[in-house]
There are 2 protein chains.
Amino acid sequence: MFSKACEYGIKASIFIAISSSEGKRVTPKQIAEEINSPQAFTAKILQALVKHNVINSVKGAYGGFEIEKNDISKIKLAQIVNAIDGDKIYRGCGLGLEICDENHPCPVHDKFKSVRTDLQNMLESTTLEELAINIKSGASFLKV
Amino acid sequence: MFSKACEYGIKASIFIAISSSEGKRVTPKQIAEEINSPQAFTAKILQALVKHNVINSVKGAYGGFEIEKNDISKIKLAQIVNAIDGDKIYRGCGLGLEICDENHPCPVHDKFKSVRTDLQNMLESTTLEELAINIKSGASFLKV
DNA sequence: ATTAAATAGGATATATTTATCCGATATAAA
DNA sequence: TTTATATCGGATAAATATATCCTATTTAAT
Ligand code: FES
Ligand code: FES
């Protein structure tokens, strides 16, 4: 469904959101430990998220990654997925036709589109804040 | 969403269903032309579908691939996806946790599960026959 | 200024997926 | 029995995704 990079990106963003809500910046090392991911690879993904303005980075000693407190409730999963996997999950044809087009549909177009739209709605309506709250309360987990 | 192999497998199965309904066997060459896929790679996928009893093969001259006419309305997309991509699309965690478990859910478990179940229902209720009919009528397309 | 700690980013390595090639085997027809 | 035509299956190649390594740059604290 999502690439590994995207999975790491989502989990990392949630952890950064939690830390930022507590006023703490975090390093790729801490993030990788917390979400059980390869550190250097995770660092690359964080760079991409910075470039797409999902998270902020602060260089130098006492630096790290963070998210503006006020942004945590505004950032949607869709932004993260889009930053890393692009929009093929929303717009791509389920059977790999070059473009998904109502006027030239593949055999599963209608049925696939329905599922795909549900996924899109889910990603566009889910905020980092609610996911972070669930982790904090112990209702969900980032690893194992 | 699906692997390339799975996309080819679905499209190939639809084309074989159409041909078989007309009493004709088809070769990997014909299939690859019809669905715009690499021939040798497609042949591998056909072998997997034969092993999983989705399609039949007949070796030797005048041989090829076919589907029992009576089976065309019984074969569901889910069988094809399962034969090629396995069941991770139905059972795997959206964020890559080792197992998707109600008692140890990832942050998106509930929302993801809903989408995943819709996809599963779609795949389990869609028959090769209905997809083949849509192609025959010109309502949908297998390539470009 | 110097040092320590952190991100940025290029180069490289590994694993997986996708794709190609070729010879072995099976089978229908002549 | 011979020939032509298929699938089968192993070996290999190419492309992409995943992962690691190392150096440069930035910055806070001393
Ligand atoms: S054309 Fe295939 S999903 Fe729209
Ligand atoms: S645990 Fe992640 S989807 Fe169920």
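Everything quoted here is computed from the prediction, not taken from an experiment. Every chain is numbered from 1 and lettered A, B, ... according to where its sequence line falls, protein lines coming before strand lines.
A search for salt bridge (charged side-chain N to carboxylate O under 4.0 Å, His left out) contacts involving B/Glu98 returns nothing, not counting sequence neighbours. In this structure, B/Lys69 has no salt bridge (charged side-chain N to carboxylate O under 4.0 Å, His left out) partners at least two apart in sequence or on a different chain. The salt bridge (charged side-chain N to carboxylate O under 4.0 Å, His left out) check on A/Glu7 picks up A/Lys4, with sequence neighbours excluded.
Using a 4.0 Å cut-off on heavy atoms, the residues of residues 38-54 of chain A that approach DNA chain D are A/Pro38, A/Ala40, A/Phe41, A/Lys44, listed by number. Interface residues of residues 3-30 of chain A facing DNA chain C, ordered by number: A/Val26, A/Thr27, A/Pro28; criterion, heavy-atom separation under 4.0 Å. At a non-hydrogen distance threshold of 4.0 Å, B/Ser57, B/Val58, B/Lys59, B/Gly60, B/Ala61, B/Gly64, B/Phe65 from residues 55-68 of chain B come into contact with DNA chain D.
Residues A/Ile99 and A/Cys93 are not in side-chain contact: their nearest non-hydrogen atoms beyond the backbone lie 4.5 Å or more apart. Counting only heavy atoms from C-beta outward, the side chains of A/Val108 and B/Leu131 approach each other to under 4.5 Å. Side-chain contact between B/Ser13 and B/Ile75 is absent, with no heavy atoms from C-beta onward closer than 4.5 Å. The shortest distance between side-chain heavy atoms of A/Ile55 and A/Glu66 does not fall below 4.5 Å.
Ring pair B/Tyr8/B/Phe41 is perpendicular by interplanar angle, where above 60° counts as perpendicular and below 30° as parallel.
The separation between A/Ile84 atom CD1 and D/dT18 atom P is 11 Å, rounded to whole Å.
In terms of modelled atom types and a separation under 3.5 Å, the side chain of A/Lys76 and the main chain of A/Leu128 share no donor-acceptor contact.
The pair B/Lys113-B/Glu102 counts as a salt bridge, with a side-chain nitrogen and a carboxylate oxygen less than 4.0 angstrom apart.
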